[in-house]
Amino acid sequence: MRHTISLLVENKFGVLSRVSGLFSGRGYNIESLSVGVTTDPRVSQMTIVTRGDDQIIEQITKQLNKLIDVIKVTDMVELEHVEREMILLKVAPRPERKFEVFQLAETFRGKIVDSSERTYTVEITGDEDKIEAFINLMKPMGIKELVRTGKVAIAREGVKT
Amino acid sequence: MKITGAEILLKSLKKEGVKHIFGYPGGVVLNIFDLLYDDKDLNLILTRHEQGAIHAADGYARASGKVGVALVTSGPGATNTVTGIATASMDSIPLVVFSGQVPTMLIGNDAFQEADIVGITRPCTKYNYLVKDVGDLAHIVREAFHIASSGRPGPVLIDLPKDVTAGKAEFVWPESMDIRSYKPRYEGNKWMIQKAAALIAKATRPVIVAGGGVVLSGAHKELRELAQMTGIPVTMTLMGLGGFPGSHKLSLGMPGMHGTYYANKAIQESDLLVAVGMRFDDRVTGKTDSFAPHAKIVHIDIDPTSIRKNIRVDIPVVGDVKRVLTQLNKVLKDEKKEQWAAVKKKWLAQIEAWKKERPLSYEASDKVIKPQFVVQKIYELTRGDAVITTEVGQNQMWAAQFYKFDKPRQWLTSGGLGTMGYGFPAAIGAQMAVPEKLVIDIAGDGSIQMNIQELATAVVNNLPVKVAILNNRYLGMVRQWQELFFQERYSHTSLDVTPDFVKVAEAYGAVGLRAEKPSEVEPVLKEAFSTRKPVVMDFVVDWTEKVYPMVPAGAPIDHMLFPEEEKPEKKKLRAVK
Ligand SMILES: Cc1ncc(C[n+]2csc(CCOP(=O)(O)OP(=O)(O)O)c2C)c(N)n1
């Protein structure tokens with residue numbers, strides 16, 4: 001099963017490699033990982049998406065908790081939460097389909113953040129379903145490049161522990 | 001007043017009560033070595049290899065219960081410590097290792113003798129540091145000792161760039177330590193302890209499995225109290241030997257791959273396992289799905305990641321073994337004891353029967369020295385009062401089987417990593433820690449050659465350590481596997497050229513002795529034990545001897561092989577080679 005794990009860690013060099021090393025050292029895969037500093041500049045927030053059965057996820061969360069620099073581990077599966085991801089997608093549509101790109105971007109509340117004679121770069125944020133749907137719709141337009149941020153997640157208010 | 005980083009380091013070490021450092025010099029640590037030259041309170045023991053220094057610090061820690069300290073240079077000095085650090089890490093031994101590093105401005109430039117030791121040791125340390133500012137040094141040292149010795153202990157590495165040891169700062173020693181993200185849990189959950197006590201009260205065939213955690217937390221008294229009060233028999237893992245008296249009538253010896261028949265039988269037939277400070281290593285469990293099939297499992301460990309890692313657990317108790325056992329004993333004292341006695345009478349009688357059926361034994365001989373006989377003689381002559389270290393292989397298993405450890409910190413062996421070359425330098429460290437004790441490394445002829453250069457360290461420092469080589473001219477344990485599972489294809493396990501160990505000892509200025517016949521064993525041991533010098537004893541043993549019982553890797557632990565299953569004609573054939 002897929003789990004989104006949220007971590008609060010000390011904002012020090014080497015912490016990211018301790019966390020990722022814990023996964024690679026045990027042969028667990030990270031599907032996505034995003035990191036950024038919190039309102040407290042000494043603390044960073046990581047969001048990790050990984051897969052595993054209950055026993056593996058229990059080990060992962062315990063092992064993460066054991067790392068000296070990890071302040072808090074939350075498995076988002078246990079909480080109602082909001083997940084978002086951002087992608088930048090560069091398409092090179094044939095001239096007759098250019099308008100479709102605009103339309104779809106608008107329907108998905110995306111933004112054209114760059115354009116050239118032949119290409120558009122669209123920015124989209126959303127949960128996984130929305131992102132996947134948008135990518136599928138863009139495929140016929142000729143996707144040239146695509147980058148994803150990885151997920152960030154936050155618990156809904158009122159259900160926080 | 002500002003002082004140099006090197007001065008801050010030594011002051012910090014003294015604050016931590018350090019007296020002995022094991023180490024090896026090099027360019028980038030010269031600022032520190034220069035200060036050590038005149039220092040009266042800090043004694044640096046120069047080993048002949050950095051791996052020797054780490055194992056010595058480790059042996060010092062295991063024998064004394066204090067934090068072991070090592071100091072090495074950058075690059076090759078630092079990388080030479082990795083095996084020792086990993087050894088300590090697997091066995092949860094508190095060490096603080098200082099490595100030199102190139103000056104901060106050169107880090108990352110592939111400078112001469114640069115290695116990213118913080119990166120290299122990340123997976124095998126409990127924590128590690130690169131000191132970038134001399135102002136942080138005292139704080140980091142304080143934190144490192146705290147992390148190394150608290151919770152589940154382990155090695156911590158501090159990488160010291162040369163300019164940090166030369167730079168200057170005020171010496172500010174933090175009196176208290178608080179790391180917000182590191183709060184080991186010592187007290188066990190009361191509710192879980194109640195549940196554990198209830199299971200213990202109800203069980204009819206209970207067994208305690210004691211691991212290294214009992215030794216590390218100093219819980220041997222509490223464990224003995226628990227066993228004696230309830231009459232539950234105790235089996236000790238390789239790391240747990242000495243955590244419960246091996247000569248006690250409730251002792252089952254070691255479980256697992258080379259464990260006793262009766263320990264494995266008892267586990268497999270038990271209805272309750274109380275696992276204390278042990279982590280269900282695959283050498284203990286064998287095939288996990290057939291391990292203790294009828295038992296409820298109570299698991300007490302300070303490290304939550306040890307619990308449910310390999311084995312299902314019914315009652316997990318996270319906490320320090322000593323404290324949890326104290327809590328548990330308190331609860332159990334209120335239980336009905338007469339009822340236990342009756343139930344346990346039957347269970348203990350069954351165990352007695354198993355002990356009689358297949359005791360630990362070997363075929364004695366008056367023609368050729370049996371390695372088990374040597375260990376037994378060492379036990380008799382030392383009356384169980386020596387500190388025993390071992391190398392890895394058959395020598396280690398025979399030592400574990402035939403020497404009875406009644407007290408903790410008498411038995412130093414590389415259990416988790418299984419590091420050949422551990423025992424001799426560890427003996428040197430142990431001898432520094434307990435100078436009044438007899439310290440003996442039980443060795444194989446293969447393993448001893450991995451750190452034999454430390455004979456120089458023993459001689460120079462007048463350390464009267466003894467090395468008893470069970471010399472079978474083979475990498476015996478691997479040969480045993482080849483014999484049993486690879487059709488006797490002895491690929492690269494014969495040590496055709498083995499040095500004359502007596503001459504090697506003499507060349508270093510130690511004493512060398514040899515025994516070739518069973519009748520010579522005792523005189524050689526007696527002479528060695530009465531010599532206040534390092535002594536190497538070369539026991540030329542029966543090379544065909546194997547460690548029994550043996551559970552083939554991955555089989556259930558009651559599928560044990562015994563020597564009588566060997567075909568006699570095969571035995572003859574091998575003996576004439
Ligand atoms: C550093 C290291 N390399 C390899 C091994 C694999 N190994 C385990 S036991 C063994 C043989 C040990 O031979 P020896 O020291 O002669 O002891 P014996 O088994 O004969 O008592 C080997 C090679 C190991 N444990 N450690």
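Within every chain, numbering begins at 1; the chains are lettered A, B, ... in the order of the sequence lines, protein sequences first and strands thereafter.
- Heavy-atom distances place both the backbone and the side chain of Leu130(B) under 4.5 Å from chain A.
- A donor and an acceptor atom, one from each side chain of Tyr127(B) and Asp69(A), are located under 3.5 Å apart.
- Between Ile71(A) atom CD1 and Arg180(B) atom CZ the span is 4.0 Å, to the nearest 0.5 Å.
- No more than 12 heavy atoms of other residues, nucleotides or ligands sit less than 6.0 Å from atom NZ of Lys296(B).
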Problem - Intermediate values then yes/no, side chain to side chain contact (heavy atoms under 4.5 Å, CB included), Arg122(B) and Leu22(A) - result: CA-CA 10 Å; Arg122(B) 201 166 278 139; Leu22(A) 189 150; over 6 Å; no

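- For Lys62(A) against Pro304(B), the heavy-atom pair with the smallest separation is NZ-O, 2.9 Å.
- Sparse packing is recorded around CG of Asp110(B), with 12 or fewer heavy atoms of other residues, nucleotides or ligands lying under 6.0 Å away.
- Atom CD1 of Ile60(A) is separated from atom OG1 of Thr305(B) by 13.0 Å, given to the nearest 0.5 angstrom.
- For the pair Lys12(A) and Tyr129(B), the cation-pi test (distance below 6.0 Å, angle within 45°) is failed.
- Within 6.0 Å of CG on Asp54(A) lie no more than 12 heavy atoms contributed by other residues, nucleotides or ligands.
- Between the CD atom in Glu143(B) and the CD1 atom in Ile68(A) there is a gap of 8.5 Å [rounded to 0.5 Å].
- Around the CZ atom of Arg312(B), the shell of radius 6.0 Å holds more than 12 heavy atoms that belong to other residues, nucleotides or ligands.
- Screening Gln55(A), Glu58(A), Gln59(A) against Arg308(B) for a side chain to side chain donor-acceptor pair (under 3.5 Å) leaves a single residue, Glu58(A).
- In the displayed structure, Glu123(A) atom CD is contacted under 6.0 Å by more than 12 heavy atoms of other residues, nucleotides or ligands.
- For Asp303(B), the part lying under 4.5 angstrom from a heavy atom of chain A is the side chain only.
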